[in-house]
Structure formats: structure tokens, C-alpha cells
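For reference, the structure is listed below as C-alpha cells.
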Amino acid sequence: MKKILVINGPNINLLGIREKNVYGAQDYDALCAFIAKEAEAIGVSVDICQSNYEGEIVTFVQDAYGKYDGIVINPAAYTHYSVAILDALKGVALPAVEVHLSNVHAREEFRHKSVTAPACLGQICGLGFMGYSLAMRALAALPDEK
Ligand code: DQA
């Protein structure tokens, strides 16, 4: 069974409180429960972590090396300026999919640029919780590493 690590960045833990018109009314626990349920349906094992600190996210990515088959990452605001997270993703070279709950391209211009997406297989945005499920599906469908 493939092992996937889901990494959520700053303020994702505030779901249900922050900007409900953008991120919806469901809270972070609901997101984690959704991810766990979808992982079971897809047939992958999943661990979920969250941090409001850039360096801790870098450490999550580094620690995934050798333990996980793929990463789903929502770097949140760090998406738009974290070279450190970009370098960590490139460094471990695990297949990764970037997810955003909101459609970043329909929002402020500074959100249109992702510094981290070039280190990922692809990016999913604007589909809410479903983006995490689609990202796990994409990782599950990849051929096994030799
Ligand atoms: C986000 C989009 C980012 O621009 C923002 O800073 C976030 C959340 C999203 O999931 O839509 O915190 O990554």
C-alpha cells in the first residue's frame, strides 16, 4: 500500500474560522477526516501534518524521504515566496502534488505565482477539500518506484 504524507501550511488550521466566504465553513478536523476517509477509499495510507512555521514544513518534507511514496502539500501563503520549501521538495525528489482550497488564480495577483509548484508533478486549486482526494488519486496511480 502506498504511503502518502499530507502537509498543510500556515493558517490551514484556522479553517472554519478564517474567511469562510473563501475557504468554506468546515473546520480543520473536518478536512483531516475527509482526507482519511478518501485515503481509505483510494487504498493508500495517509499521515497528515500542519505547521505555521516555514522551517518545520521544510523538516516535514525532509523527513518524508525514505518513509513516504508521495507528498500532497498545501504550503498556503508560503506557496508564494518560500524558496526553502521549493528546495526541500526538489531535494527529496518525492512525487508531490500541490493543492489549494481556493482558486488562487481568481484572487489577488500575488497569489497567481507559485514558487513551490515547479517542484511538484502538478497543482490542483479551487476545488476545496476534493483537491486533496484528487491529489492522492494522482499519486496512487503513479507506477511503483523500482
Ligand atoms: C491557500 C491559498 C493561499 O494563497 C493562502 O495564503 C492560503 C490558503 C488555499 O488553500 O487556497 O493560506 O493555499
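Counting starts at 1 for both ligands and their atoms, in listed order.
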**Asked** Which heavy atom of the protein is the closest neighbour of atom 1 (C) of ligand 1, given with residue, atom name and distance?
**Response** His100 ND1, 3.7 Å
**Asked** Considering only protein heavy atoms, which is closest to atom 11 (O) of ligand 1, and at what distance to one decimal place?
**Response** Ser102 OG, 2.6 Å
**Asked** Checking side-chain contact (heavy atoms from CB on, under 4.5 Å) for the pair Val99/Ile73: CA distance, chi angles, key distance, verdict?
**Response** CA-CA 6 Å; Val99 171; Ile73 186 164; over 6 Å; no
**Min N/O separation Ala77 to ligand 1 under 3.5 Å** = yes
**Prompt:** Is there a side-chain contact between Tyr132 and Glu38, using heavy atoms and a 4.5 Å cut-off?
**Reply:** no
**Item:** Atom indices of ligand 1 within 4.0 angstrom of His80 heavy atoms, with elements
**Value:** 3 (C), 4 (O)
**Prompt:** Which bit of Leu101 gets closer than 4.0 Å to ligand 1, counting heavy atoms only: side chain, backbone, both or neither?
**Reply:** both
**Prompt:** Is Arg18 in contact with ligand 1, taking contact as a heavy-atom separation below 4.0 Å?
**Reply:** yes
**Message:** Using a 3.5 Å cut-off on N or O atoms only, is Thr79 in polar contact with ligand 1?
**Reply:** no
**Request:** Tell me which part of Val104 gets within contact of ligand 1: side chain, backbone, both or neither, using heavy atoms under 4.0 Å.
**Result:** side chain
**Request:** Could you tell me whether the side chain of Glu98 reaches within less than 4.5 Å of the side chain of Leu89, counting heavy atoms only?
**Result:** no
**Carboxylate-amine/guanidinium contact Lys37 Glu40, below 4.0 Å** = no
**Request:** Please write down residue, atom name and distance for the protein heavy atom closest to atom 7 (C) of ligand 1.
**Result:** Tyr23 OH, 3.4 Å
**Prompt:** Are the side chains of Thr116 and Tyr78 in touch, meaning some heavy atoms are under 4.5 Å apart?
**Reply:** no
**Message:** Is there a polar contact between ligand 1 and Arg107, counting only N or O atoms under 3.5 Å apart?
**Reply:** no
**Asked** Would you say His100's side chain and Gly128's backbone share a donor-acceptor pair under 3.5 angstrom?
**Response** no
**Message:** Please give me the minimum heavy-atom distance between Val92 and Val61, naming the atom from each residue.
**Reply:** CG1-O, 3.5 Å
**Message:** Whether the Tyr68 and Asp47 side chains hold a donor-acceptor pair (N or O, under 3.5 Å, no angle test) is what I'd like checked.
**Reply:** yes
**Request:** Report the nearest protein non-hydrogen atom to atom 5 (C) of ligand 1: residue, atom name, distance rounded to 0.1 Å.
**Result:** Arg111 NH1, 3.3 Å
